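For reference, the structure discussed in these notes is given below.
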2 protein chains.
Amino acid sequence: MKIGELARNAQCTVETVRYYEKAGLLAEPARTEGNFRVYGAEHLERLRLIRNCRALDMSHEEIHALLRLAQAPDDDCGAVNAVFDQHIAHVDTRLRELTQLKIQLSSLRQRCNSGNAVDACGILQGLAAMEIEQQPGRHTHLG
Amino acid sequence: MKIGELARNAQCTVETVRYYEKAGLLAEPARTEGNFRVYGAEHLERLRLIRNCRALDMSHEEIHALLRLAQAPDDDCGAVNAVFDQHIAHVDTRLRELTQLKIQLSSLRQRCNSGNAVDACGILQGLAAMEIEQQPGRHTHLG
DNA sequence: ACACAAGCTGAAGCTACTATAGAGTCAAGG
DNA sequence: CCTTGACTCTATAGTAGCTTCAGCTTGTGT
């Protein structure tokens with residue numbers, strides 16, 4: 001299988017595949033005489049796993065950890081569960097943040113119903129007056 | 001007011017202030033003889049507005065749009081409301097995505113309760129087997 | 001023989017900053 | 001007057017996870 005076919009099978013672009021290789025997530029495949037990459041079923045399976053992890057918003061670091069753990073098939077999978085639980089915690093944190101954000105946005109939005117001059121717009125006034133809440137730093141890689 | 005004081009007043013770093021200037025969000029201030037930036041109250045107000053917008057996860061593009069609109073104080077503020085509504089829609093979209101994500105993650109998590117060999121781990125099996133759902137592209141700048 | 005698709009490498013671009021190097025400015029203390 | 005230390009200056013590189021581009025080579029169909 002050449003890179004284009006692999007990419008189609010895994011629903012991603014050729015560039016992304018090459019990027020994963022450079023990032024160390026996907027093993028370097030064999031090459032043809034003409035220097036084209038040749039992939040096997042095991043590459044596709046691995047790539048699918050990576051794409052699924054990404055679809056679940058895991059970071060490359062988290063995926064890397066999972067892949068390392070998956071290499072020792074006889075070990076206890078407790079560590080796998082731990083990586084997973086941590087990621088769920090990330091998602092939870094971000095969900096709470098966004099929920100809080102939406103409350104703030106909605107309350108700001110109610111301060112203006114359009115038709116005012118910009119000068120008198122409750123939203124802009126609110127944005128200028130709001131007291132900045134210091135965020136306690138990044139606790140998740142989710143934006 | 002020099003840059004350090006401005007930054008303290010707006011709860012951000014000196015580097016961020018210089019970055020906003022280069023990004024065109026904050027007007028270039030006057031300089032002292034020794035080439036230090038000197039800011040007035042209007043710069044602080046503008047910077048506070050920018051920081052509040054960022055605290056609400058608006059992109060620089062959105063903030064830029066708001067600032068442009070705010071420059072014509074006599075115009076109708078309908079356009080301001082539109083920018084704001086669009087941002088609320090971004091947050092909503094991302095909330096729905098993350099909620100969906102959490103459902104998937106939870107269901108995957110239930111497939112393994114640790115103590116298995118990695119080979120038999122339901123999570124890894126699920127990650128490898130999951131059918132990739134193609135995302136309909138980025139509809140928000142929120143990660 | 002020639003066109004065109006698909007592959008190759010390496011580098012730059014994206015967002016919103018953060019961090020570093022190496023210099024200059026300025027007020028206070030000795 | 002001189003030094004120390006806090007602050008400031010510019011310019012550059014790094015972060016994540018790709019995407020896009022330039023310029024080239026390889027393979028395929030007619």
Side-chain angles (χ1 to χ4, degrees), chain A residues 1-26 28-39 43 47 50-65 67 87 90 94 132 134-135 137-143, chain B residues 1-26 28-39 43 47 50-65 67 87 90 94 132 134-135 137-143:
Chain A
M1 190 173 14
K2 277 188 290 182
I3 196 168
E5 201 185 335
L6 180 77
R8 266 191 305 283
N9 284 331
Q11 313 253 43
C12 68
T13 69
V14 169
E15 288 78 17
T16 301
V17 175
R18 284 196 284 248
Y19 172 71
Y20 287 159
E21 181 183 321
K22 217 161 46 176
L25 289 178
L26 199 58
E28 294 187 24
R31 301 279 184 136
T32 65
E33 218 175 302
N35 200 32
F36 286 12
R37 291 170 178 82
V38 200
Y39 296 96
H43 289 100
L47 179 55
I50 295 171
R51 290 306 289 171
N52 281 331
C53 287
R54 288 293 303 134
L56 297 172
D57 262 352
M58 292 189 196
S59 69
H60 280 190
E61 205 182 329
E62 286 171 322
I63 297 172
H64 220 87
L67 292 177
H87 180 59
H90 288 331
R94 186 56 178 157
I132 297 149
Q134 50 251 32
Q135 279 118 298
R138 269 262 161 272
H139 18 240
T140 110
H141 58 270
L142 303 177
Chain B
M1 183 171 24
K2 278 187 289 180
I3 197 169
E5 202 185 335
L6 181 78
R8 265 192 306 283
N9 283 331
Q11 313 253 45
C12 69
T13 69
V14 168
E15 287 79 18
T16 300
V17 175
R18 284 196 283 249
Y19 172 71
Y20 286 160
E21 181 182 320
K22 219 164 43 178
L25 289 178
L26 198 57
E28 294 187 24
R31 301 280 184 135
T32 65
E33 221 175 298
N35 200 32
F36 286 12
R37 290 168 178 83
V38 200
Y39 296 96
H43 289 100
L47 180 55
I50 296 171
R51 290 305 291 172
N52 282 332
C53 288
R54 289 294 302 134
L56 296 173
D57 263 352
M58 291 188 198
S59 69
H60 280 191
E61 205 182 330
E62 287 171 322
I63 298 172
H64 220 86
L67 292 177
H87 180 60
H90 288 332
R94 186 58 178 155
I132 297 149
Q134 49 250 34
Q135 280 118 300
R138 268 262 160 272
H139 17 242
T140 111
H141 58 270
L142 302 177

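These numbers were taken from a predicted model, which means no experiment stands behind them. Just so it is clear, the values below take in all heavy atoms, side chains as well, and ignore hydrogens, waters and symmetry mates. Convention: sequence-line order gives letters A, B, ...; per-chain numbering from 1.
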Name the nucleic acid region contacted by B/K22, choosing base, sugar-phosphate or nothing; use a 4.0 angstrom heavy-atom cut-off, strictly under. base
Non-neighbouring partners of B/Y39 that pass ring pair (Phe, Tyr, Trp, His ring centres under 6.0 Å), sequence neighbours left out: B/H43
Are B/H141 and B/E61 packed together at the side-chain level, in the sense that at least one heavy-atom pair is separated by less than 4.5 angstrom? no
In degrees rounded to 10°, what angle is found between the helical axes fit to the five outermost pairs at each end of the helix from C/dA1-D/dT30 to C/dG30-D/dC1? 30°
Can you sort out the partners of A/Y20 under side-chain hydrogen bond (donor to acceptor under 3.5 Å, both in side chains), two or more places apart, ordered by chain and number? A/R51
Identify the 5'-most and 3'-most nucleotides of DNA chain D with at least one atom closer than 4.0 Å to a non-hydrogen atom of chain B. D/dT8 to D/dT12
Rounded distance [0.5 Å steps], CG in A/D57 versus NE2 in A/H87: 6.0 Å
Step-by-step side-chain contact (heavy atoms from CB on, under 4.5 Å) determination, B/R18 to B/I3: CA-CA 9 Å; B/R18 284 196 283 249; B/I3 197 169; 3.5 Å; yes
Test side-chain contact (heavy atoms from CB on, under 4.5 Å) applied to A/H60 and A/L25, step by step: CA-CA 8 Å; A/H60 280 190; A/L25 289 178; 3.8 Å; yes
Specify the closest pair of heavy atoms between B/V17 and B/C12, including all atoms of both residues, with the distance to one decimal. CG2-SG, 3.8 Å
Pairing residues for A/E21 by the salt bridge (Lys or Arg N to Asp or Glu O under 4.0 Å) criterion, not counting sequence neighbours: A/R37
Scanning both residues in full, the closest heavy-atom pair of A/V38 with A/P29 reads O-CB, 3.2 Å
Mapping A/S59 and A/K2 onto DNA chain D by nearest heavy atom, which one lands closer to the 5' end? A/S59
Nearest 0.5 Å please: distance from the CG atom of A/N9 over to the CG atom of A/L47. 9.0 Å
First encountered from the 5' end of DNA chain D, between A/H60 and A/R18: A/H60
Outermost nucleotides of DNA chain C that come under 4.0 Å of a non-hydrogen atom of chain B: C/dA16 to C/dC26
Both B/E61 and B/E15 contact DNA chain C. Which one's nearest nucleotide lies toward the 5' end? B/E61
Check for a donor-acceptor pair, side chain of A/R54 on one end and backbone N or O of A/M58 on the other, with a separation under 3.5 Å. yes
5' precedence on DNA chain C between B/T32 and A/R37 (nearest-nucleotide basis): A/R37
